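The block underneath contains the structure these notes are about, expressed in structure tokens.
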Amino acid sequence: MTIVHRTCPLCEAVCGLRITLDEAGHTTSVKGDPDDPFSKGFICPKGASLGKLDEDPDRLTGPLIRKNGEWLEASWPEAFAAVEQGLAPVIERHGRQSVALYLGNPNAHSMAGALYAAPLVRALGSRNIYSASTADQMPKHVSCGLMFGHPLAIPVPDLDRTGYLLMLGANPLESNGSLCTAPDFPGRLKALRNRGGRLVVVDPRRTRTAALADEHVFLRPGTDALLLAGIVHTLFAEGLTSVNVPVNGLDEVRALTADFAPETVAARCGVPAEVIVRLARELAAAPTAAVYGRIGTCTAEFGTLAQWLVDVINVLTGNLDRPGGAMFAKPATEFRARRKPYTTGRWRSRVRGLPEANGELPVATLADELETPGDGQVRALITVAGNPVLSAPNGTRLDRAFAGLDFMVSVDPYLNETTRHANVILPPPRVLQSGHYDFTLLALAVRDYTRYSPPALPLEPGRPAETEILARLTLIASGQGAEADPAALDELILDQMLRKAADAPGSPINGRDPAELRAMLTGANGAERRLDAMLRLGPYGDWVVEEDGLTLAKLSEHPHGLDLGALRPRLGELLCTASGLVELAPPAIVADVVRLRDSLGSAVPEIMLIGRRHLRSNNSWLHNVGPLVGGTNRCTLQINPADVDRYGLAGHAVVRSATGELTVPLEPTDTIMPGVVSLPHGWGHAGSTQTIAAGHAGFNVNALTDESAIDVPSGNAVFNGVPVTLDPVTT
Ligand SMILES: Nc1nc2c(c(=O)[nH]1)N[C@H]1C(S)=C(S)[C@@H](COP(=O)(O)OP(=O)(O)OC[C@H]3O[C@@H](n4cnc5c(=O)[nH]c(N)nc54)[C@H](O)[C@@H]3O)O[C@H]1N2
Ligand SMILES: Nc1nc2c(c(=O)[nH]1)N[C@H]1C(S)=C(S)[C@@H](COP(=O)(O)OP(=O)(O)OC[C@H]3O[C@@H](n4cnc5c(=O)[nH]c(N)nc54)[C@H](O)[C@@H]3O)O[C@H]1N2
Ligand code: SF4
Ligand SMILES: [Mo]
């Protein structure tokens, strides 16, 4: 028996796990790690099932190549050669724009994604880059990019110290939190209440999080921006603002929100005007307060406006960058070379002319780029850790479009709804065979913290780590071929990183010899050496601080992770707008306020569809783990009993939208507002070799979501507030 301690890679809560392995490397138990200073032993049912997931017999153990409709097992060299043979002719004939890349959510949780996605994008040289970000949090990147100058300068609620939390469109009791890394989020919310603080949840459903709160406010889907504009209006109208950071555009915000008085927006939001006024007064009066909005507010028609207003309120109430308010983490691998101020729309998509954001195009237009003939049409696709057939708007259309590709390669442990269209599938090894470091999530943590988990088990001979798989894809995309040496790529990247840092004025290693620095790095492979370099260059690094700075070797002496303290004010270090001020009224956001104002005059759909998450699920890919799918069916349509009666429904209903129709089982519940129905996403398993998931197939809600509807400034998909109709099942 061996005990290993490592970070759970399944969600954003980064819990420490204590895993017991037998001699053959099988997991015999997974518990929370009581010695992790951040998660302190917390674990959820998904983390507890990590062993089952990791040893799922349906996971692919080697590459597959599809020939004449049949899947053949291949060796790794054969598989990489097949990728080169498939991609090279497409690039040669149709150019680099004809190859698209889709990066899915688990890239945010793997070292491979964090370290090799950017090199792969650069090597590909295509503007057809897509990711789950435009089905998720792009509005937050765009609003923070424009307000603070950097799309990753995202403030998080200071959960452990705040006196008042206004939470919109998030349900951390199921999701364990997002864009706010906080292991045991539920415990932290209870602690907030126990110390006399107040939690208010705004959601069209009375969720488990809402049930735990001091107050739950029902709100009509898609109207968060209106509600928040009403709060901002009140703060100005009642003289309740107390700005404590340097800002630009204060008067403009006052003028922009003049038309959004609580009485004007109340009917549309379904929230009484006096509640909106009271929320504004409470936020202003609380000793410390934070506003936090997540999926329900991002994947909506006015996602960017809602995210902008979240931080406008944090600024207006004097809570940005102060303890107990909305603060910025200081992650150990942060090295922010100052770049040009953030903009979007540096290029546009070919068919719909949608603007780029963060170097990506909206996944809502991927099908257009695949299906529309002409110069620049996408003919080949690389997917890494993504399942857009189940996760993207109008996934049904993508499913058809993928079938028409000249070539597709997928890096994924499963043959599933998306990867079944691939010509080659390259499976990463088991979780326990991979190193783990949370580059992205620790930049969004409610405490400064760092932890590295080395691989707990060796790779089988000849089996590449996922970092090597992506390095090889990068080399193939760059034209160097399937046999090029991935170690040389790591050296090249390291060399560029060190050279750039040594050349940058004001850099802690300015003027030092990159070769000498390179020689100091330790680590068993290129990925670890790159982590070592980033830790040393980071704000706690041994190339930066005088004494006792971090290195990979030092971090490895702390297998349970290292607490780096409570969040500290640091806006001044991060702010990189052209003005050097927080931009409260960036033109690209201001331009969208007209659309919000117009929405006040448009008709409200009779029934609107929203999503939801369940604690024992994770997007589309945990439904093949027995203990996580047992019990009652969760892929149901939640509906208010009044609507069941109103539409004469019984048992099932036919749900129709602009893009599709589904017949779904009903789950009547008064926890959801009348006029709103909810279906979870990630279901609708078909054509996959996941045997357990096939027995709990469910329905693909993204057959109903409409790819033509987007949040304009960010291009983000709209999953909440989709107009639908309901009818009884006739046959
Ligand atoms: N168990 C589990 N955990 C997960 C995931 C999972 O699938 N399962 N997915 C992970 C991922 S990828 C992410 S991004 C995070 C997301 O984490 P969260 O943002 O916490 O996501 P949800 O649990 O979907 O909560 C969104 C809430 O928004 C509400 N809502 C819907 N429409 C609106 C609206 O218009 N306005 C408002 N105010 N509320 C609305 C919904 O009813 C729902 O309760 O969770 C992560 N964690
Ligand atoms: N209607 C609706 N749709 C939604 C949402 C919603 O709330 N409502 N939420 C959206 C959100 S927030 C997100 S993030 C997206 C997610 O969108 P995607 O990322 O496209 O979908 P996932 O279901 O997370 O698919 C993850 C894929 O990665 C594979 N995988 C798992 N671990 C690894 C690994 O370590 N390496 C590799 N290479 N592959 C791995 C899995 O087998 C699976 O195929 O869905 C979005 N779609
Ligand atoms: S909350 Fe998230 S990180 Fe923690 S054990 Fe569960 S799935 Fe893993
Ligand atoms: Mo997500």
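Start at 1 and go down the list; that is how both ligands and their atoms are numbered. Note that this is a predicted model, so its numbers are computed, not measured. Counting from 1, the numbers follow the sequence of the chain as shown.
Under 2.8 Å from atom 2 (Fe) of ligand 3 lies an N/O/S atom of Cys11, whether from backbone or side chain.
Side-chain atoms of Asp36 and Tyr449 form a donor-acceptor pair, as typed in the model, at a separation below 3.5 Å.
The shortest N or O to N or O distance between Asn171 and ligand 1 is under 3.5 Å.
Put simply, part of Ser617 is less than 4.0 Å from ligand 1, judged by heavy atoms. For the ligand labelled ligand 1, residue Arg220 lies outside the 4.0 Å heavy-atom shell.
Contacts with ligand 1 closer than 4.0 Å are made by no heavy atom of Gln137, backbone or side chain. Neither the backbone nor the side chain of Thr209 comes within contact range of ligand 1; no heavy atom lies under 4.0 Å.
Every atom of ligand 3 with a heavy atom of Asn176 under 4.0 Å away is listed here by number and element: 1 (S). The contact set between ligand 3 and Leu10, taken as ligand atoms under 4.0 Å from a residue heavy atom, comprises 7 (S). Which parts of ligand 3 touch Val14 is read off a 4.0 Å heavy-atom cut-off, strictly below it: atoms 3 (S).
At the top of the distance list for atom 8 (Fe) of ligand 3, counting protein heavy atoms only, stands Cys8 SG, 2.3 Å. From the protein, the heavy atom lying nearest to atom 16 (C) of ligand 1 is Ile295 CG1, 3.5 Å.
Paired with Ser29 under the rule side-chain contact (heavy atoms from CB on, under 4.5 Å), one option of Leu21, Thr20, Ile3, Ile19 passes, and it is Thr20.
Of the listed residues (Pro680, Cys180, Ala300, Pro204), the one carrying the non-hydrogen atom nearest atom 30 (N) of ligand 1 is Pro204.
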